[in-house]
There are 2 protein chains.
Amino acid sequence: MKPTVHDIAKSAGVSLATVDRVLNSRPGVRGVTRAKVEEAIVELGYVRDLAAANLAKGRTYSFIFILPENDNSFMIGLHEEVRGAIARSSAERTRIRIVDVPPFDPEALVAALENVLAEKPAGVAFIAVDAPEVRAMAERLREAGIPMVTLVSDLPDSSRDHYAGIDNIAAGRTAGSLMGRFLIGRDATVAVLAGSMLVRDHRERLEGFSAVISDHYSNIVILPVLEGRDDAVLAERMVADTLRRHPDIAGIYSLGGGNRGLIRAIQKADVKQPVVIAHELTGSTRSALGDGVIDAVLNQDAGHEVRSAIRVLKAKADGLPVIAAQERIRIDIFLKDNLP
Amino acid sequence: MKPTVHDIAKSAGVSLATVDRVLNSRPGVRGVTRAKVEEAIVELGYVRDLAAANLAKGRTYSFIFILPENDNSFMIGLHEEVRGAIARSSAERTRIRIVDVPPFDPEALVAALENVLAEKPAGVAFIAVDAPEVRAMAERLREAGIPMVTLVSDLPDSSRDHYAGIDNIAAGRTAGSLMGRFLIGRDATVAVLAGSMLVRDHRERLEGFSAVISDHYSNIVILPVLEGRDDAVLAERMVADTLRRHPDIAGIYSLGGGNRGLIRAIQKADVKQPVVIAHELTGSTRSALGDGVIDAVLNQDAGHEVRSAIRVLKAKADGLPVIAAQERIRIDIFLKDNLP
DNA sequence: CAATTTTTGAGGTACGTAAATCAGAATTTC
DNA sequence: GAAATTCTGATTTACGTACCTCAAAAATTG
């Protein structure tokens, strides 16, 4: 039988009230008595029944998700996943709220976090914009004891408790490795389409990609990066233009958004089909994979990221450990044969 | 505020006892009264507080995992994951027990399930051996209302509630696709190393692999399957033998166990390094991936499978829905660049 | 309509913890 | 050593549900 507070009281020779004071670190217990109780806790292997405690406290965990109002498929999907979690939350003693902010805007993010600080929720998740003022704000949140998880894009070496997202350098390396293997042997020119080099994830993916290519695939030449601002129209124009100027292009790595435009450009171009590796499994990348326009898609599972963020926030709020393996966000590689 | 049983009683104009009788389908309630209460439940959107209910019932979920006493790395890892879950289970009102059975032995599995039937736990997970007697036993368990999850290897079209494992045909197709792309253009001979064609997962992987190769990569010839019984020593001998007789082998697909033997055979052989695709990320496949002996590893995350099985069993025991996306077990593709 | 059976109400206890009050004990301070 | 202060114990209520008992009310039966 699992020991309860009563067992501890008996074993330590104190009253229930004292045990309660120790457990919830309320004042009014002498050091010696506290030690006695703590010893009994360890000895009996007591673990607080969280469900009962939450019931008694009438506690509900309130979490805030700060999300950019982006209109690309991935962000829309992410929103959806959070909304799904909200729909399920009634049964789980959690109340989740979404706060929308303009994308790539450090000030807006800081302002949103300022409101969070005032509201003092049980935890907050946000897509980091890597800027000094955001770091400073994160530090203030940490001081206020609000658990904090970065989502999709990290704020490394900061005071966040956890990052729910993929390792973008590894993702870029994986793309480079696949590209190299798919283009084995032959001299080849490869184009890279990014959203913006101002965003950390994109920089890191490019970094990983370039490193693998230059280290292991000297037969491949990478053209200067195209910055398509994650915009389908712009991306289409840029890719079409590049394909016209370099009809010999053998591969394209699209490490950001705007893949709809990329796909259109390739389909319209009068060139030999290049090897295409893109990120994020969406409606368009999925069908392009099926059609053979895209050869591989690297994906991060938005649903997993959201659920993981919630689990971690809850664990942090309770001071519980997380199961690291469960919270590792994988770099999913999809070929047309392993589509879910 | 979430409605409670009290709110329902008030709203339906009945007493708490009657609401309780309806909720827990106890006898002694007239049809009309029951209807009134049910209406109030729907109207107020009442959902039973599971935590409070379990507290009141003093309920602990007891689950049984039937695992084969195999000594390959994957099964050892699976055991470990279940043990990890057991270690964590105290906090989660679950009690998990492992029952060991001899591998690939339908009768032993049936006997173990018979014991399960007698014990009536809250759920059972097992690695299916696809045999008629196992199916019959599963049917009996279903009739007894015991939630049932197959793990790693499925019992399709049976009475199991859920399968926590990968789609092995898709895994084989993925391997075929990678092999085809890695060997692009050149005529090539490929060997396949399996454990046993009597096991469903292995048959399905081979089926998927062969289908992709014959449909899309006519340049590739597949040699007759080697059955290494998942045994490293036997596998080494068979692979070494094959490499001697076919020094031109360009690729090897290892769809079962015994990879340690495979790796040794390749390292010792005096041939051009073939493209190697294997299953399950273990100590040996991992380091072979790093050394470039293996080119890609397809993996199923045993930890995810175990946690998923437990979540599903719990949901089934409570009559709750599962989050399908969360329980889908991915076919992880590992190159040396995206190792966790 | 009386007797019987079924249905319902009222109330309590329990699960394990939180949180509060109040009285009494121990300790410290002067 | 009395007063003030700090600790501690005993007890109670509460959270939302389950489950039990007993009595009263309603419906059914003969």
Side chain to side chain donor-acceptor pair (under 3.5 Å) involving A:Arg328 - partner list, sequence neighbours excluded: none
Are any of [X]'s side-chain N or O atoms less than 4.0 Å away from OP1 or OP2 of [N]?
X: B:Ser15; N: C:dA10; value: no
X: B:Arg30; N: C:dT6; value: no
X: B:Thr4; N: D:dG16; value: no

Rounded distance (Å) that lies between atom [atom2] of [N] and atom [atom1] of [X]:
X: A:Leu55; N: D:dG16; atom1: CG; atom2: C1'; value: 5 Å
X: A:Asp49; N: D:dC15; atom1: CG; atom2: P; value: 18 Å
X: B:Lys2; N: D:dC15; atom1: NZ; atom2: C1'; value: 12 Å
X: A:Leu44; N: C:dG16; atom1: CG; atom2: P; value: 14 Å
X: B:Arg59; N: C:dG16; atom1: CZ; atom2: C1'; value: 18 Å
X: A:Arg34; N: C:dA26; atom1: CZ; atom2: P; value: 20 Å
X: A:Ile8; N: D:dG9; atom1: CD1; atom2: P; value: 14 Å

How would you label the contact of A:Gly28 with the nucleic acid (heavy atoms, under 4.0 Å): base, sugar-phosphate, or nothing? base
Touch class at under 4.0 angstrom, heavy-atom based, for A:Gly31 against every strand present: nothing
Are any of the side-chain heavy atoms of [X] and [Y] separated by less than 4.5 Å?
X: B:Lys316; Y: B:Met148; result: no
X: A:Glu69; Y: A:Met75; result: no
X: B:Tyr46; Y: B:Val5; result: yes
X: B:Val152; Y: B:Ile166; result: no

By nearest-nucleotide position on DNA chain C, the 5'-leaning member of B:Val14 and A:Leu50 is B:Val14
Carboxylate-amine/guanidinium contact A:Arg48 A:Asp318, below 4.0 Å: no
Could you go step by step and tell me if B:Arg135 and B:Asp157 meet the salt bridge (Lys or Arg N to Asp or Glu O under 4.0 Å) rule? CA-CA 9 Å; B:Arg135 274 164 194 280; B:Asp157 313 313; 5.6 Å; no
Look for any protein N or O under 3.5 Å of an N or O in nucleotides 18-24 of chain C and output each such pair with its distance, or none.
{"unit_1": "C:dA18", "atom_1": "OP1", "unit_2": "A:Asn24", "atom_2": "OD1", "d": "3.4"}
{"unit_1": "C:dA18", "atom_1": "OP1", "unit_2": "A:Arg48", "atom_2": "NE", "d": "2.8"}
{"unit_1": "C:dA18", "atom_1": "OP1", "unit_2": "A:Arg48", "atom_2": "NH2", "d": "3.0"}
{"unit_1": "C:dA18", "atom_1": "OP2", "unit_2": "A:Asn24", "atom_2": "ND2", "d": "3.3"}
{"unit_1": "C:dA19", "atom_1": "OP2", "unit_2": "A:Arg26", "atom_2": "NH1", "d": "3.0"}

